[in-house]
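Here's the structure, in structure tokens; my notes come after.
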Amino acid sequence: MKKKIGIVVIGAICIVLAVGAYYYLSHRSASDDGDVSEVQKVVLKDLTGSSYPATPREVIKFYNRILCCYYNETYTEDEFYQLADQALALMDQELVDNNPADQYYLKVKTEVDSYHEKNKTINNASVSDSNEVEFATIDGAECAKLSASYFMRSDDGTTRSVQNYVLRKDSDGKWKILAFELAEGADEADE
């Protein structure tokens with residue numbers, strides 16, 4: 001009798017372990033295997049639905065992820081266009097209208113190639129703190145202004161630049177990049 005109980009207990013343990021292993025293997029995310037690169041994570045993000053970044057800071061943080069992918073990661077030509085499309089999805093329609101996709105792709109590709117020739121990468125990208133975001137209503141539209149700092153490394157050393165961004169809330173309530181410019185006197189080379 002004890003032998004039968006022991007066999008049943010061992011059998012039950014084996015079944016539990018097998019079911020647990022199956023559940024673990026079938027429910028772990030692709031990123032757990034390390035199979036999904038940062039480029040793939042960025043291009044797979046759905047920017048059409050509820051996963052769109054909720055605040056101006058989050059929009060620029062995601063835009064910075066795209067920039068870091070452009071300059072720091074390895075990707076295919078198709079992935080380059082997907083990255084660029086993600087960047088365009090973060091932009092206000094007025095900015096998109098002034099930068100048609102074909103021109104935007106070419107401009108970004110030229111700049112990225114220039115960075116690669118100089119072995120230039122973005123070491124760190126950071127966005128203004130929440131309390132530094134300036135909100136205003138301009139021509140009836142909610143707008144936000146904030147800055148991002150970029151620390152870059154190249155064969156010539158390291159540099160820091162600051163980019164100022166203006167975002168505008170669209171009719172769907174999503175913050176979109178309306179304009180950006182390099183802050184005056186922001187480029188500083190470190191010796």
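Being a predicted model, the structure only gives us computed values, none of them experimental.
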Can you name the nearest heavy-atom pair linking Leu178 to Leu95, along with the distance? O-CB, 3.6 Å

Between Thr110 (side chain) and Leu106 (backbone), is there a donor-acceptor pair under 3.5 Å? yes

Has Tyr52 got a side-chain atom pairing as donor or acceptor with Trp175's backbone, closer than 3.5 angstrom? yes

Closest heavy-atom pair, Val36 versus Lys41, reported as atoms and distance to 0.1 Å, is CG1-CG, 3.5 Å

Check against side chain to side chain contact (heavy atoms under 4.5 Å, CB included), Phe80 and Val108: CA-CA 10 Å; Phe80 167 76; Val108 171; 3.7 Å; yes

Do we see a donor-acceptor contact under 3.5 Å between the side chains of Tyr104 and Asn98? no

Say you draw a straight line from CG of Leu47 to NZ of Lys174; how long is it, rounded to the nearest 0.5 Å? 8.0 Å

Passes side chain to side chain contact (heavy atoms under 4.5 Å, CB included), Thr121 versus Met152? Steps please. CA-CA 5 Å; Thr121 58; Met152 293 156 294; over 6 Å; no

Can you tell me if Glu117 uses its side chain to pair, donor with acceptor, with the backbone of Ser114 under 3.5 Å? no

Answer yes or no: does atom NZ of Lys145 have more than 12 heavy-atom neighbours from other residues, nucleotides or ligands under 6.0 Å? no

Could you go through the side chain to side chain contact (heavy atoms under 4.5 Å, CB included) check for Tyr105 and Asp85 one step at a time? CA-CA 9 Å; Tyr105 298 145; Asp85 288 340; 2.4 Å; yes

Distance col, row Ser149:OG vs Asn124:CG, nearest 0.5 angstrom, shows 8.5 Å

Donor-acceptor pair, distance only, cut-off 3.5 Å: does the side chain of Lys118 make one with the backbone of Asp156? no

Tyr63 vs Tyr165 aromatic rings, parallel, tilted or perpendicular, using cut-offs 30° and 60°? perpendicular

Are Val166 and Met91 grouped together when hydrophobic residues (ILVMFWY) are joined by side-chain heavy atoms under 4.5 angstrom apart? no

Can you confirm whether the side chains of Glu111 and Tyr71 place a donor and an acceptor under 3.5 Å from each other? yes

Taking Ser128 for its side chain and Val133 for its backbone only, find out whether a donor-acceptor pair lies under 3.5 Å. no

Smallest heavy-atom separation, Val127 atom then Lys61 atom, equals CG2-CG, 3.7 Å

Separation between CG (Leu83) and SG (Cys68), nearest 0.5 Å, reads 11.5 Å

In Å, rounded to the nearest 0.5 Å, how long is the span from OH of Tyr70 to CG of Asn72? 13.0 Å

Can you establish whether the number of heavy atoms outside Arg153 located under 6.0 Å from its atom CZ is more than 12? no

Nearest 0.5 angstrom please: Gln93 CD to Lys176 NZ, how far? 8.5 Å

Going from CD on Gln40 to OG1 on Thr76, what distance comes out if it is rounded to the nearest 0.5 angstrom? 9.0 Å

Any Ser147 side-chain heavy atom under 4.5 Å of Glu132 side chain: no

Can you find a pair of side-chain heavy atoms, one from Ser154 and one from Thr159, that are under 4.5 Å apart? no

When you measure from the side chain of Asp92 to the backbone of Glu94, do you find a donor-acceptor pair of N or O atoms at a distance under 3.5 Å? yes

So which heavy atom on Glu73 is nearest to which on Val39, and how close? CB-CG2, 3.5 Å

Using the ring pair (Phe, Tyr, Trp, His ring centres under 6.0 Å) criterion, which residues pair with Tyr150? Sequence neighbours excluded. none

Sequence-distant partners of Asp139, salt bridge (Lys or Arg N to Asp or Glu O under 4.0 Å), two or more places apart: none

Atom NZ of Lys120: over 12 foreign heavy atoms under 6.0 Å: yes

Report whether Ile177 and Val42 are members of the same hydrophobic cluster (ILVMFWY, side-chain heavy atoms less than 4.5 Å apart, transitive linking). yes

Cluster check Tyr81, Leu67: I/L/V/M/F/W/Y, side chain < 4.5 angstrom: yes

Are the side chain of Asn164 and the backbone N or O of Glu181 linked by a donor-acceptor pair below 3.5 Å? no

Can you name the closest pair of heavy atoms from Pro56 and Phe135 and give their distance? CG-CE2, 3.9 Å

Counting distance only, does the side-chain N/O of Asp170 pair as donor-acceptor with the main-chain N or O of Asp172 below 3.5 Å? yes

Heavy-atom nearest pair, Leu146 first then Arg57, reads CD1-CA, 4.0 Å

